[in-house]
Amino acid sequence: MEIKNEVPFAGKMYNGFAMLFFNLLMYVAGILLIVVSATVSDGLTESVISGVLGGLVIFINFFVSFGFLMIEPGEARVMLFFGKYRGTYTQSGYYWCNPFYSVKKLSLRARNLDAEPIKVNDKTGNPIMIGMVLVWKLKDTYKAMFEIDAQTMAQGSSGNAVATTTAGIMNAFEKFVRIQADAALRQVAGQYAYDNDDNGASSLTLRDGSDEINKELEMKIDERLAMAGIEVVEARINYLAYAPEIAAVMLRRQQATAIISAREKIVEGAVSMVKMALDRLGEEQVVNLDDDKKAAMVSNLLVVLCGDDAAQPVVNTGSPNA
């Protein structure tokens with residue numbers, strides 16, 4: 001049955017320090033055999049056998065030397081035996097394994113992706129600039145290595161040399177993540193308006209629905225990256241603005257909306273103050289005002305309370321004597 005997901009490596013892993021000591025010991029033994037073969041003068045046969053045996057020991061130990069590997073915390077080794085996946089080993093330490101295994105090194109540490117702002121159209125068709133920050137890491141090494149063509153994506157600048165280093169493969173994963181995250185961000189941004197329209201609709205927008213939209217963005221990216229065995233730790237929008245070609249117009253619109261809201265508050269307060277003034281004057285019988293004088297007083301108070309400039313009162317001291 002063909003494996004389609006990551007499985008732990010079930011092969012033999014030996015202590016690297018013990019094998020290193022044994023390897024060095026065998027090198028010394030091989031050298032001694034060669035030295036003995038050169039100094040033996042009793043018979044040619046014994047000399048040849050000793051020399052061949054010493055050379056064979058050194059050759060085998062040279063081959064065995066390729067089986068050492070060191071795994072740091074947050075790293076993994078994908079083990080292949082003549083092209084067949086045998087499992088993934090993640091235990092940190094210094095080990096020795098069969099040199100016939102092909103070992104591919106991967107990093108399981110979290111990585112940051114700060115995507116540059118891109119221009120998209122929101123739900124209402126307005127061009128906006130939107131950017132995000134993404135934290136991701138490898139979750140399934142089998143899918144990461146064999147479900148996407150990471151090694152070809154990591155090819156060098158010459159275009160014909162395939163990069164097999166850890167840095168090259170991880171950069172290929174980052175390129176894959178960047179492209180898929182860009183597509184998911186465009187999809188989510190196109191489903192919402194930048195801000196509420198003038199009709200007073202209270203639907204979810206990009207500007208005020210950050211938590212809900214970030215969760216949806218994380219879910220969309222996670223769905224796209226699942227095929228590559230990559231897990232999204234966090235995704236959030238970190239830049240949001242109107243595109244430069246409409247930014248000035250939208251700024252004036254926001255300013256006009258703010259001025260109208262402020263005027264509504266001012267008028268509401270002015271009407272309340274005028275009503276309070278008329279009620280107090282009538283209750284305390286300070287002055288008796290007919291309807292025409294009340295209308296004039298109301299007009300004057302509203303002008304004073306709602307005007308932008310400071311009031312400049314004119315004091316009436318009475319008519320001059322004839």
Side-chain angles (χ1 to χ4, degrees), residues 74 106-140 143-144 147-150 152-155 157 163 166-199 201-258:
L106 293 177
S107 174
L108 302 179
R109 302 183 180 105
R111 288 182 168 238
N112 232 7
L113 175 63
D114 188 6
E116 293 292 332
I118 58 175
K119 182 186 292 186
V120 299
N121 291 332
D122 66 357
K123 185 178 181 180
T124 59
N126 294 323
I128 61 174
M129 300 296 296
I130 186 170
M132 71 172 177
V133 61
L134 175 68
V135 182
W136 62 276
K137 64 179 181 179
L138 290 183
K139 183 180 180 181
D140 191 314
K143 291 182 178 180
E147 292 295 328
I148 62 173
D149 197 0
T152 302
M153 288 191 299
Q155 64 183 0
S157 59
T166 305
I169 294 177
M170 295 307 296
N171 287 337
F173 292 149
E174 184 170 341
K175 181 180 178 181
F176 182 84
V177 170
R178 186 183 299 275
I179 294 174
Q180 295 300 322
D182 182 273
L185 181 60
R186 291 180 184 274
Q187 180 183 0
V188 172
Q191 296 176 354
Y192 301 95
Y194 177 91
D195 203 354
N196 288 322
D197 54 21
D198 297 332
N199 297 326
S202 58
S203 58
L204 188 64
T205 63
L206 295 172
R207 195 165 71 106
D208 59 8
S210 58
D211 292 338
E212 294 84 352
I213 292 176
N214 287 338
K215 290 180 181 178
E216 182 174 355
L217 177 63
E218 181 177 333
M219 181 185 66
K220 293 292 184 182
I221 299 176
D222 203 35
E223 290 176 356
R224 292 173 174 268
L225 298 181
M227 61 178 292
I230 297 175
E231 177 186 12
V232 176
V233 179
E234 181 187 12
R236 67 178 184 274
I237 296 174
N238 66 341
Y239 183 89
L240 182 64
Y242 281 112
E245 57 266 27
I246 66 167
V249 176
M250 291 301 178
L251 178 60
R252 289 197 295 269
R253 175 188 171 188
Q254 292 176 353
Q255 290 174 341
T257 303

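Side chains are part of it too, since the values below use all heavy atoms of this structure and drop only hydrogens, waters and symmetry mates.
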Heavy atoms only: give me the nearest [X]-[Y] pair and the separation to one decimal.
{"X": "Ile169", "Y": "Leu106", "answer": "CG2-CD2, 4.0 Å"}
{"X": "Leu217", "Y": "Ile237", "answer": "CD2-CG1, 4.1 Å"}
{"X": "Ala144", "Y": "Phe173", "answer": "O-CE2, 3.1 Å"}
{"X": "Met170", "Y": "Ser107", "answer": "CE-O, 3.6 Å"}
{"X": "Ala243", "Y": "Met129", "answer": "CA-CG, 4.0 Å"}

Any chance you could measure [X], atom [atom1], to [Y], atom [atom2], to the nearest 0.5 Å?
{"X": "Glu174", "Y": "Asn112", "atom1": "CD", "atom2": "CG", "value": "9.5 Å"}
{"X": "Leu185", "Y": "Lys220", "atom1": "CG", "atom2": "NZ", "value": "13.0 Å"}
{"X": "Lys215", "Y": "Ile213", "atom1": "NZ", "atom2": "CD1", "value": "12.5 Å"}

N-O pairing of Asp182 and Arg178 below 4.0 Å: no

Any donor-acceptor N/O pair, Asp222 side chain to Glu218 backbone, under 3.5 Å: no

For residues 131-139, run the donor-acceptor check on the side chains, cut-off 3.5 Å, and write out each pair with its distance to 0.1 Å, sequence neighbours left out.
none

With Asp140 via side chain to side chain contact (heavy atoms under 4.5 Å, CB included) - residues at least two apart: Asn5, Glu6, Tyr142, Lys143

Residues in side-chain hydrogen bond (donor to acceptor under 3.5 Å, both in side chains) contact with Gln187, at least two apart in sequence or another chain: Arg224

All side-chain hydrogen bond (donor to acceptor under 3.5 Å, both in side chains) counterparts of Thr205, not counting sequence neighbours: Asp208

Which donor-acceptor pairs under 3.5 Å do the side chains of residues 114-123 make with protein atoms, sequence neighbours left out?
| unit_1 | atom_1 | unit_2 | atom_2 | d |
| --- | --- | --- | --- | --- |
| Asp114 | OD1 | Asn238 | ND2 | 3.4 |
| Lys119 | NZ | Glu245 | OE2 | 3.3 |
| Asp122 | OD1 | Thr124 | N | 3.2 |
| Asp122 | OD1 | Thr124 | OG1 | 3.0 |
| Asp122 | OD1 | Gly125 | N | 3.0 |
| Asp122 | OD1 | Asn126 | N | 2.7 |
| Asp122 | OD2 | Thr124 | OG1 | 3.2 |
| Asp122 | OD2 | Tyr194 | N | 2.9 |

Contacts of Glu212 that satisfy salt bridge (Lys or Arg N to Asp or Glu O under 4.0 Å) - sequence neighbours left out: none

